[in-house]
**Q** 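First the structure, then my questions, so here it is.
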Amino acid sequence: MTAETGTIKVGDTNFEAKVRAGSIGPSVIDIGALYGKTGMFTYDPGFTSTASCESQITYIDGDEGVLLHRGYPIEQLAENGDFLETCYLLLYGELPTAAQKADFDYRVTRHTMVHEQMARFFQGFRRDAHPMAVMVGSVGALSAFYHDSTDISDPHQRMIASMRMIAKIPTLAAMAFKYVAGQPFVYPQNSLDYTSNFLRMCFAVPCEEYKVNPILSRALDRIFILHADHEQNASTSTVRLAGSSGANPFACIAAGIACLWGPAHGGANEAALKMLTEIGSVDNIPKFVAKAKDKNDPFRLMGFGHRVYKNYDPRAKIMQKTCHEVLRELGIKDDPLLDVAVELERIALHDEYFIEKKLYPNIDFYSGITLKAMGFPTSMFTVLFAVARTVGWIAQWKEMIEDPHQKIGRPRQLYTGAPRRDYVPVSKR
Ligand code: SDX
């Protein structure tokens, strides 16, 4: 990387900062020594202008609507490969040969079962628990079952934990779905591919044969690819920060799931579908668009806007195409929610407010309609996001742990509270 320098001048203090260029995208100003040299911190709540790490996994160009995984465009990965191929790419940095892919598929497949006592662990949850609450609890509990892969200093244990996480997350997600539905758990089937296995664990019942629909399985597999990783988003940053203290990978992924649940992040797919349902018909759209534009109204168009994309989210385009594919396969001719979504998108993209603020549909805008059509309840939408994002969290966690310069993340603050003052006895208050 090329290194120039820049000067940060504050009062009569000059701070010489090294400027580092990446392979593509914005350069960074290395301010690591700023506090030591100037006694001042930078201030950037929300990290709108802050690079928290160096990474080689995912690159996003928000202005151009570009998303690359290890240099490969998301459109090409979604079109040509399957989810486990993307998992291999994110973890190892290169697309697998046929032999490497077969070996990786074999290894993942044989880690899909969970410890039988996990089934009893689920019994502690209320049946009406939100599946994301069950996921936070059950994934966090994995560290109580797999002690032999929690020593993060051992590369072999790191890889085993990574494979276990990627392989078991669909099984736990399906168990959360079944538990809340009051149906018996379905064991993984080694003869099925990753996503077909997941569909069968979700929708099979003991009373009849379950046949996986290959079109739906391919569509969901592609949806998993779209959600696999996304640079330093909130949940990935949570996983990195948790991992920086040396916490075990299962606990770190549980932290990532907890963060993803928020409606501003992964919870937006559930919130977007609820919003479309609340809008109900095309005639009501103007009223909701006006609410979204009203500074005094906290309402936002869910599934719209993005911290990085100031252009169309490339994943949203593929998501929209997949949505039509699934509805066509299921013979759903006129889905009122889709009509509302398409018209809402059209209106918003021509509205001055959305144009000026560069608000476009993001990945969550069309995913809910697709997943609902496939038979998933809205409460499972963010769980599906977590299933896919687990490989991204694991790849980023692994990259952080293997970074020789890695240290515990510990930001500072701008303190605006009370200066030092002495204690006042209660008799004198
Ligand atoms: C994901 O980071 C990632 O990469 C996330 C993700 C991933 O793969 O990991 O891509 C997945 O989380 C996608 C985003 C899902 N969230 C939503 O769809 C929720 C609705 N969107 C907004 O909450 C918002 O757009 C965020 C949270 C996504 C981004 O918020 P920012 O970057 O902090 O932007 P902002 O809140 O500062 O908004 C800028 C302006 C504001 O107006 P002003 O105060 O400048 O006047 O745009 C407005 C906002 O009020 N605005 C919206 C809006 N989003 C932003 N107005 C109406 N509707 C919206 N959806």
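Start at 1 and go down the list; that is how both ligands and their atoms are numbered. All heavy atoms count here, side chains included; hydrogens, waters and symmetry mates do not.
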**Q** Which of the listed options, Ile60, Leu359, Leu301, holds the heavy atom that is closest to atom 52 (C) of ligand 1?
**A**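 Answer by nearest heavy atom: Leu359.
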
**Q** Judged on heavy-atom distance to atom 17 (C) of ligand 1, which of Ala271, Ala316, Ala268, Gly46 sits nearest?
**A** Ala268

**Q** Please confirm whether Arg389 comes within less than 3.5 Å of ligand 1 when only nitrogen or oxygen atoms on both sides are compared.
**A**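 Yes, Arg389 has an N/O under 3.5 Å of an N/O on ligand 1.
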
**Q** Would Arg300 pass as a cation-pi partner of Phe304, given that its NZ or CZ must be under 6.0 Å from the six-membered ring centre and within 45 degrees of the axis?
**A** no

**Q** Salt bridge check, Lys398 against Glu402: does any charged N sit closer than 4.0 Å to a carboxylate O?
**A**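 Yes.
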
**Q** Taking the six-membered ring for Trp and the full ring for Phe, Tyr or His, determine whether the centres of His230 and His265 are under 6.0 Å apart.
**A** no

**Q** When you measure from the centre of the six-membered ring of Phe83, is the NZ or CZ of Arg222 under 6.0 Å away and within 45° of the axis?
**A**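 No, a cation-pi geometry is absent between Arg222 and Phe83.
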
**Q** Is any side-chain N of the basic residue among Lys321 and Glu75 closer than 4.0 Å to the acidic one's carboxylate O?
**A** no

**Q** Could you work out, for atom 20 (C) of ligand 1, the closest of Phe304, Phe365, Phe288, Phe299 by heavy-atom distance?
**A** Phe304

**Q** For the residue pair Tyr179 and Phe125, categorise the inter-ring angle as parallel (less than 30°), tilted (30 to 60°) or perpendicular (more than 60°).
**A** perpendicular

**Q** So is there a nitrogen or oxygen of His306 less than 3.5 Å from a nitrogen or oxygen in ligand 1?
**A**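 Yes: some nitrogen or oxygen of His306 is under 3.5 Å from one in ligand 1.
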
**Q** For atom 4 (O) of ligand 1, is the nearest protein heavy atom closer than 4.0 Å?
**A**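 There is a protein heavy atom less than 4.0 Å from atom 4 (O) of ligand 1.
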
**Q** Nearest non-hydrogen contact with atom 38 (O) of ligand 1 belongs to which option: Arg300, Lys357, Arg307?
**A**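 The option holding the nearest heavy atom is Arg300.
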
**Q** For the 3.5 Å polar cut-off, considering only N or O atoms, please tell me whether Asp313 and ligand 1 meet it.
**A**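 N/O-N/O distance under 3.5 Å: no.
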
**Q** Taking NZ, NE, NH1 and NH2 as the nitrogens, is one of them in Lys372 or Asp335 under 4.0 Å from a carboxylate oxygen of the other?
**A**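 Looking at Asp335 together with Lys372, the answer is no, because their closest N to O distance does not fall below 4.0 Å.
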
**Q** State whether any protein heavy atom lies less than 4.0 Å from atom 47 (O) of ligand 1.
**A**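 Within 4.0 Å of atom 47 (O) of ligand 1, protein heavy atoms are found.
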
**Q** So is Glu231 in contact with ligand 1, going by heavy-atom distances below 4.0 Å?
**A**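 The answer is no, since Glu231 has no heavy atom less than 4.0 Å from ligand 1.
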
**Q** Look at atom 56 (N) of ligand 1 and say which protein heavy atom is nearest, naming residue and atom and giving the distance to 0.1 Å.
**A** Tyr353 OH, 3.0 Å

**Q** Taking N or O atoms only and a 3.5 Å limit, does Ala264 qualify as a polar contact for ligand 1?
**A**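 N/O-N/O distance under 3.5 Å: yes.
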
**Q** With a 4.0 Å cut-off on heavy atoms, is Val308 touching ligand 1?
**A** no

**Q** Are Lys295 and ligand 1 in contact, using a heavy-atom cut-off of under 4.0 Å?
**A**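 It does, in that a heavy atom of Lys295 comes within the 4.0 Å cut-off of ligand 1.
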
**Q** Using the ring of each side chain (for Trp, its six-membered ring), is His115 parallel, tilted or perpendicular to Phe145, with breaks at 30° and 60°?
**A**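 His115 vs Phe145 ring planes: tilted.
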
**Q** Are the charged groups of Lys291 and Asp297 less than 4.0 angstrom apart, N to O?
**A**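 Here Lys291 pairs with Asp297 in a salt bridge, since their nearest N and O are under 4.0 Å apart.
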
**Q** Just jot down the ligand 1 atoms closer than 4.0 angstrom to any heavy atom of Gly303, in number order.
**A**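 Checking each atom against Gly303, I get 17 (C), 18 (O).
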
